[in-house]
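Just below is one structure, and these are the notes that go with it.
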Amino acid sequence: MTTCYVTTPIYYVNDRPHIGHCYTTLVADVYARFQRLAGGADVFMLTGTDEHADKVVTSAAAHGTTPQEWADRNSEEFRRAFALMGVAYDDFIRTTEPRHKVKVAEYISALMKTGDIYRGEYTGWYDEGQEEYLTETAAKEANFHSPINKKPLVRRTEPCYFFRLSKYQERLLGLIASDAGFVRPDSRRQEVLGRLRQGLNDVPVSRPVTDDPATQWGVRIPGDEAHRVYVWIDALFNYLSVVDTPQRQRLWPARVHFLGKDILWFHAVIWPALLLALGKGLPGTIYGHGWWISEGEKMSKSMGNFIDLERLRAYTERFGLDALRWYLATQGPLGGGDADFSHAKFVETFNADLANGIGNATSRVGNMIDKYFGGVLPADDGVALVPDAASGFDGTSVRGTFEWKGLCAAAAGRVRACLETQDLEGALRAGTGLASKVDLLINVTRPFTIAKRADAEAKRQLGAILYQCAEALRVASVLLSPALTTGMPKLWKTWGCEPAAGATLEALSAFGGEHALMPGQRITKGEILYMRADAAAAFPAAGV
RNA sequence: GCCGAGGUAGCUCAGCUGGUUUAGAGCGCUGGAUUCAUAACCCGGAGGUCGGCGGUUCGAGUCCGCCCCUCGGCACCA
């Protein structure tokens, strides 16, 4: 069985969870759910927290607690955030866990053995007051004086461990240039290629351990207690450390790493180089998505317009979790640019796709089955369907135009194709497309008009139409379920069509196939799945 | 400064290696039709000099040059 290992970055535990963290994690979740739905692969989704930064120690001290307790507390916030988003991860890694730290030390040792990590010297501009180095640029801008206490910076050299990144330049260049899917989206791939061509320097992978407690946090360089693994390197290894066990080895290499564009360089260049050095397989895709902006403005703490957890929670409470997941998944910055989180657009999207789309379609079909057949699903006996004269139908035959077996198979095919490129919106459109088609069939055949006739032929037509509508919507609901984790299960319950576990995408979406709705089964009307929202209604949390 | 992406209907965007005649989709807006449904669904419309100028060509959003604008990356980020 093939595997599909999906990851999010591990999040900096000093941050408060916000839309950025939630978005990346949701994308991974929807993608993983789609893959589980697709069947045939062993899907595993990982997220977690990055806890070895110096600031974790200082923040903990500032809050009168220990680094570990501080990390425990904040890591829990991320779990809560992802629970709010309805994310179903398979594991949650924390870099302070022994299972991770042990592996990091092993990897570093292995790389020291091969010479890919070597002891060298770092020279830079040191601010003695702040006990930190400034970058060449920052030092120059400060006129080589401390920006804090104004004392002159000193040129300082100290031992440091480096990773021989330069050695992998050509291989990485060849890899990224030849494999269009390795770094996505393509605009990011171009950026990486451009920067790669400018050359690579070896990168420091350690930082010194001093008397300062903040420097004593993290993983030590094996065999040299005076140095610890630079937190970024420590963090990158999480993807491997979690599955580097006898039971989980099969999961490597990862199918896709989802991350924000800010950390693309580490993931697209340094990480693959580390893996090459370790002799490990390379991930299939490094996906660097863009940012969310808020109501057209860049989000910033100073502006106070950050879309935080409270704001997201307000959206789920007002419009439902599905509404939020749908908006993020279909309108998000998965492509090259950034995306705008705007209240008006949120409501428009919710109304157009969920309320007026799948929600309304299931409502009208469920209602007609209830009204005309007492809630018992009729059969399609193959009777000829006649278009209503007033509908303006211009096809040659109704059954030819609404050839559901083919339409549903095509929809499933489209989902699979979209998954190849992590195109979540495209995959979800396969489902909304089917729902739209159902609306069309109703308009063309007008079952509510046929229902006014008393003859047997009318009853047969009515049954055929409604069966087709219901069964097509069943397929649509399956295809939409990776995003709509609340509403679709609700529908399945009232319609009695919970998808069988373990079935493949093709089997579940086969119209009239083995998982089809059965004539004679109960179709309960059920409650309205997505109530249309008023875009003009005040929404305090949106700041409008 | 260097590298890259992009500027197409109110909004978000499709338009691959130039020629399916009057440049498309979705949403929004508007007119109509309809009532099974959540004022939903369906049909039609509104007409955007395809950033600007010049060029190549029988013919260019689609190629070339210059210019304007937006955005992203980089400037050895210990």
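Throughout, a chain's letter reflects where its sequence line sits, starting with A, and its residues are numbered from 1.
- Using Watson-Crick or G-U wobble geometry with both donor-acceptor distances under 3.5 Å, B:U20 finds no partner in any strand shown.
- Counting any heavy atom pair closer than 4.0 Å across all strands shown, A:D439 reaches sugar-phosphate atoms only and no base atom.
- Nearest to the side chain of A:I442, among B:C41, B:C36, B:U38, sits B:C36.
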Please tabulate, for side-chain N and O atoms in residues 359-368 of chain A, each donor-acceptor pair with protein atoms closer than 3.5 Å (sequence neighbours left out).
{"residue": "A:T362", "atom": "OG1", "partner": "A:I358", "partner atom": "O", "Å": "3.0"}
{"residue": "A:T362", "atom": "OG1", "partner": "A:G359", "partner atom": "O", "Å": "2.9"}
{"residue": "A:R364", "atom": "NH1", "partner": "A:D439", "partner atom": "OD1", "Å": "2.6"}
{"residue": "A:N367", "atom": "OD1", "partner": "A:K525", "partner atom": "NZ", "Å": "3.1"}

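- Taking the six-membered ring for Trp and the full ring otherwise, the centers of A:Y327 and A:W292 sit less than 6.0 Å from each other.
- Remark: A:N367 is in phosphate contact with B:A37, judged by side-chain N or O atoms under 4.0 Å from OP1 or OP2.
- Residues of residues 448-472 of chain A that place a heavy atom closer than 4.0 Å to RNA chain B, in numerical order, are A:F448.
- Taking atom P in both B:C3 and B:A78, the straight-line distance is 25 Å, to the nearest Å.
- Put simply, the side chain of A:R220 never gets that close to the backbone of A:R228: no donor and acceptor are under 3.5 Å apart.
- Pairing partner, B:A40: none, since no Watson-Crick or wobble contact has both distances short of 3.5 Å.
- The side chain to side chain contact (heavy atoms under 4.5 Å, CB included) search around A:P213 returns A:V57, not counting sequence neighbours.
- When rounded to the nearest whole Å, the span between CG of A:L473 and P of B:C41 equals 14 Å.
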* Sequence-aligned protein contact record of nucleotides 69-78 of chain B, with B where the base is within under 4.0 Å of a protein heavy atom and S where only the sugar-phosphate is -> ---SSS-BBB
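- Classified by interplanar angle (parallel below 30°, tilted 30° to 60°, perpendicular above 60°), the ring pair A:F319/A:F346 is tilted.
- Side chain of A:Q216 to main chain of A:V209: no donor-acceptor pair is present (N/O by atom type, distance under 3.5 Å, no hydrogens or angles).
- Atom pair A:L354:CG and B:C41:P shows a separation of 13 Å (rounding to whole Å applied).
- Residue A:A352 places its side chain closer to B:C27 than to any other of B:U34, B:C27, B:A37.
- Mapped onto RNA chain B by nearest heavy atom, A:M368 and A:G194 fall at different nucleotides, with A:G194 at the one closer to the 5' end.
- Of all nucleotides present, none satisfies the Watson-Crick or G-U wobble test against B:U62 with each distance under 3.5 Å.
- Here A:S187 lies out of heavy-atom contact (under 4.0 Å) with every strand.
- A sub-4.0 Å separation between OP1 or OP2 of B:C41 and a side-chain N or O of A:R364 is absent.
- Taking the six-membered ring for Trp and thresholds of 30 and 60 degrees, A:H18 and A:H21 have ring planes inclined between 30 and 60 degrees apart.
- Look at the C1' atom in both B:A23 and B:U62: the space between them is 11 Å, to the nearest Å.
- Mapping A:S436 and A:K345 onto RNA chain B via the closest heavy atom, the residue that lands nearer the 5' end is A:K345.
- Of the C1' atoms belonging to B:G4 and B:C50, the separation is 23 Å, rounded to the nearest Å.
- In this structure, the CZ atom of A:F346 is 19 Å from the P atom of B:U12, given to the nearest Å.
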* Asked: Where do A:F341 and A:Y315 land on the ring-ring contact (aromatic ring centres under 6.0 Å, His included) test, with the steps shown first?
  -> CA-CA 12 Å; A:F341 190 102; A:Y315 271 93; 5.3 Å; yes
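- The interatomic distance linking A:R532 (CZ) with B:A40 (P) rounds to 4 Å, in whole Å.
- Within 6.0 Å of atom NZ in A:K55, 12 or fewer heavy atoms from other residues, nucleotides or ligands are found, so the atom counts as exposed in its surroundings.
- For residues 424-435 of chain A, proximity to RNA chain B is found at no residue, defined as any non-hydrogen atom under 4.0 angstrom from a strand atom.
- Between B:A5 and B:C63, the two P atoms lie 13 Å apart (nearest whole Å).
- No close placement of the A:F448 and A:Y372 rings is indicated, their centers lying 6.0 Å or farther apart.
- Within residues 325-332 of chain A, no residue has any heavy atom closer than 4.0 Å to RNA chain B.
- Between A:R189 and A:D186 there is a salt bridge, since at least one side-chain N of the basic residue sits less than 4.0 Å from a carboxylate O of the acidic one.
- Checked against a 6.0 Å centroid threshold, the rings of A:W232 and A:F266 count as neighbours.
- Applying the 90° criterion around 0 to the glycosidic angle, B:G55 comes out anti.
- Closest to the side chain of A:N356, out of B:A40, B:G28, B:A37, is B:A40.
- Side chains of A:D50 and A:Y11: no donor on one and acceptor on the other come within 3.5 Å.
- Note: A:Y122 and A:F162 fail the aromatic proximity criterion, with ring centroids not under 6.0 Å apart.
- Here B:C11 presents its C1' atom at 17 Å from NE2 of A:H343, a figure rounded to the nearest Å.
- Among the heavy atoms of the strands lying under 4.0 Å from A:L440 are primed sugar atoms or P, OP1, OP2 only; no base atom is included.
- If you measure from atom CZ of A:F350 to atom C1' of B:C27, you get 16 Å, rounded to the nearest angstrom.
- Relative ring orientation between A:Y287 and A:F258 is described as tilted, the plane-to-plane angle lying within the 30° to 60° band.
- Between A:H227 and A:Y161, the distance from one ring center to the other falls under 6.0 angstrom.
- Judged by Watson-Crick or G-U wobble contacts below 3.5 Å, the nucleotide B:C27 has B:G10 as its partner.
- Pairing of B:A5, defined by two Watson-Crick or G-U wobble distances under 3.5 Å, is identified with B:U70.
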